[in-house]
Protein chains: 2
Amino acid sequence: MKPALELLCKSLSRRDRLDKREIDILSSLNYKQMAFAKGAELISAHSRANSSCLVMSGLTARALMLEDGRRQLTALHIPGDFVDLHALLLKVMDHSVMAMDDCVAAFIPHNELIALTEQAPHLTRLLWLSTTIDAAIQREMIASIGRRTPLTHLGHLICELYLRMEVVGLAGGWRFQLALTQTDIADILGLSLVHTNRTVRDLRATGLVSWKNSDVVIHDFDRLAELAGFDATYLNLLSEPR
Amino acid sequence: MKPALELLCKSLSRRDRLDKREIDILSSLNYKQMAFAKGAELISAHSRANSSCLVMSGLTARALMLEDGRRQLTALHIPGDFVDLHALLLKVMDHSVMAMDDCVAAFIPHNELIALTEQAPHLTRLLWLSTTIDAAIQREMIASIGRRTPLTHLGHLICELYLRMEVVGLAGGWRFQLALTQTDIADILGLSLVHTNRTVRDLRATGLVSWKNSDVVIHDFDRLAELAGFDATYLNLLSEPR
DNA sequence: CGTCAGATTGATATTCATCAAGATCGGTGG
DNA sequence: CCACCGATCTTGATGAATATCAATCTGACG
């Protein structure tokens, strides 16, 4: 099977079992693969796309720009995430999708995805599910920005990213790569760059996490989760009939 | 047609045209209607439901509770919103849904909704769409909490609620009812009660909005939208093929 | 060696939370 | 009718959290 579809297949089958016919339908999808350099826009706000993209490698983020040029990142997406599935239904993008690092994405035409929804209801529900999990992650993010302290917010983010990356084989042994500058982190946390820097320093000072360049090491996940009030329910990591 | 289904039908047909067969399928759904007093939980976090609810009257909100008892509201839902459609796929709720005011909701069994997805792909896409619009609203909320000032955030919220309510006929003539206490507003904005009170005072001082008890009057929508950096794209108010 | 992006730190101003105290208003019982 | 009560709104005072400004430091790289 072509690599992007293999990835999608694995990603969907993590939440529920796919049968042979569904796998066939998935693997018959066409797509166009594209590479993006760090900082590039995969999709720009207010555009109308006729295809949706899946992250194959690298980190991407959804970004909302304010009139004054300030930026808020509203979601981080890792390889295997069907970032832009929202565009299939929304038609006009309300935000842009940016490459936080060099990355590769696969663009699947909307007409093929629509055809899929006509033929494979269960597969459709799994795609739908992936957008509702995105929404659950966004809710948690609202709670983090609104009510958690910067330190616990950052701890929460680390817990979430570790688990999400572990599931797709990008993390393990309590360590993972996080290719984000502190400016990027600031735009995720909704803080200033300087305060973000101090928050990272405070997190290191807890001794629960080491973080140097792009290497994050979690020394005690349970205590970090406790500090951050992290409860993985919202990630829906269990496989069950959907 | 039974009232809840009538409402759902109207709500979905706002974003795309429904054909006769689809309307028939919708109107054959069964549901159980329930009333909730202000402050009650329609759905509690961590529960597993076998039905999803649609708001028929009153205001509801999604709420995330932190360990220390503090609360963040992550979405407000008005009559016509299929609040809890997320539960159809998520299985375990990551948040609770609360009645912000006395309200009535219709609970539609999951097995009937699943059957609908098996028979009516286009209808399924419209239900899916409604969850992705929720997600778009949540993204805007992340940007508001993270990067807007309390005053512009509140102004943005007023613009959004006015338009959403206008579409379902609950607002008009630049006025609407908003039955929320300032404590509730604080939990939406992610601010303290006192600061929220001062923000409401500042908003009144702009002269763009009058707000007394539950009556909100917008005196100059365009200038309010400009103040708040409000752009309605994310609400997807246009009807087009999906 | 110079340059540049990113990280770090100190100093200061602004924003926001918290604490404490009224004020307002609708409802309720005498 | 009036006194009282609880919920909500409002305000002032204070301290903590956060933004902003301005350097400096570090490491990668041509």
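Chain A is the first sequence line, chain B the second, and so forth, proteins listed ahead of strands; every chain is numbered from 1. Remember, predicted model here, so these are calculated numbers, not experimental data.
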Checklist entry - Counting only heavy atoms not in Arg223(A), do more than 12 sit closer than 6.0 Å to its CZ atom? => result no

Item to check | Nearest-Å distance for atom pair CD1/P, residues Ile145(B) and dT18(D) | outcome: 14 Å

Checklist entry - Does a donor on one side chain and an acceptor on the other come within less than 3.5 Å for Ser210(B) and His219(B)? => result yes

Next on the checklist: Please determine whether a side-chain nitrogen or oxygen atom of Asn197(B) lies at a distance below 4.0 Å from atom OP1 or OP2 of dC9(D).
Outcome noted: no

Item to check | Segment of DNA chain C, first to last nucleotide, that comes within the 4.0 Å heavy-atom reach of chain B | outcome: dC16(C) to dC19(C)

Checklist outcome for this item: In 5'-to-3' order, the base (B), backbone-only (S) or no-contact (-) status of each nucleotide in nucleotides 19-30 of chain D, using a 4.0 angstrom heavy-atom cut-off, is SBB---------

Checklist entry - Do Thr131(B) and Asp134(B) meet the criterion of a side-chain donor-acceptor pair at a distance under 3.5 Å? => result no

Checklist entry - What nucleic acid atoms does Arg148(A) come within less than 4.0 Å of, heavy atoms only: base, sugar-phosphate, or nothing? => result nothing

Checklist entry - Should we count NZ of Lys10(B) as having more than 12 external heavy atoms under 6.0 Å? => result no

Checklist entry - What integer distance in Å separates Gln182(B):CD from dT11(D):C1'? => result 12 Å

Next on the checklist: Given Tyr234(A), which partner from the list Glu160(A), Gln138(A), Glu140(A) fulfils the side chain to side chain donor-acceptor pair (under 3.5 Å) test?
Outcome noted: Glu160(A)

Item to check | Heavy-atom side-chain contact between Tyr162(B) and Val167(B) under 4.5 Å | outcome: no

Checklist entry - Among all residues two or more places apart in sequence or in another chain, which pass the side-chain contact (heavy atoms from CB on, under 4.5 Å) test with Arg175(A)? => result Val217(A)

Checklist entry - Under a 4.0 Å N-O cut-off, is there an ion pair linking Asp184(A) with Arg71(A)? => result yes

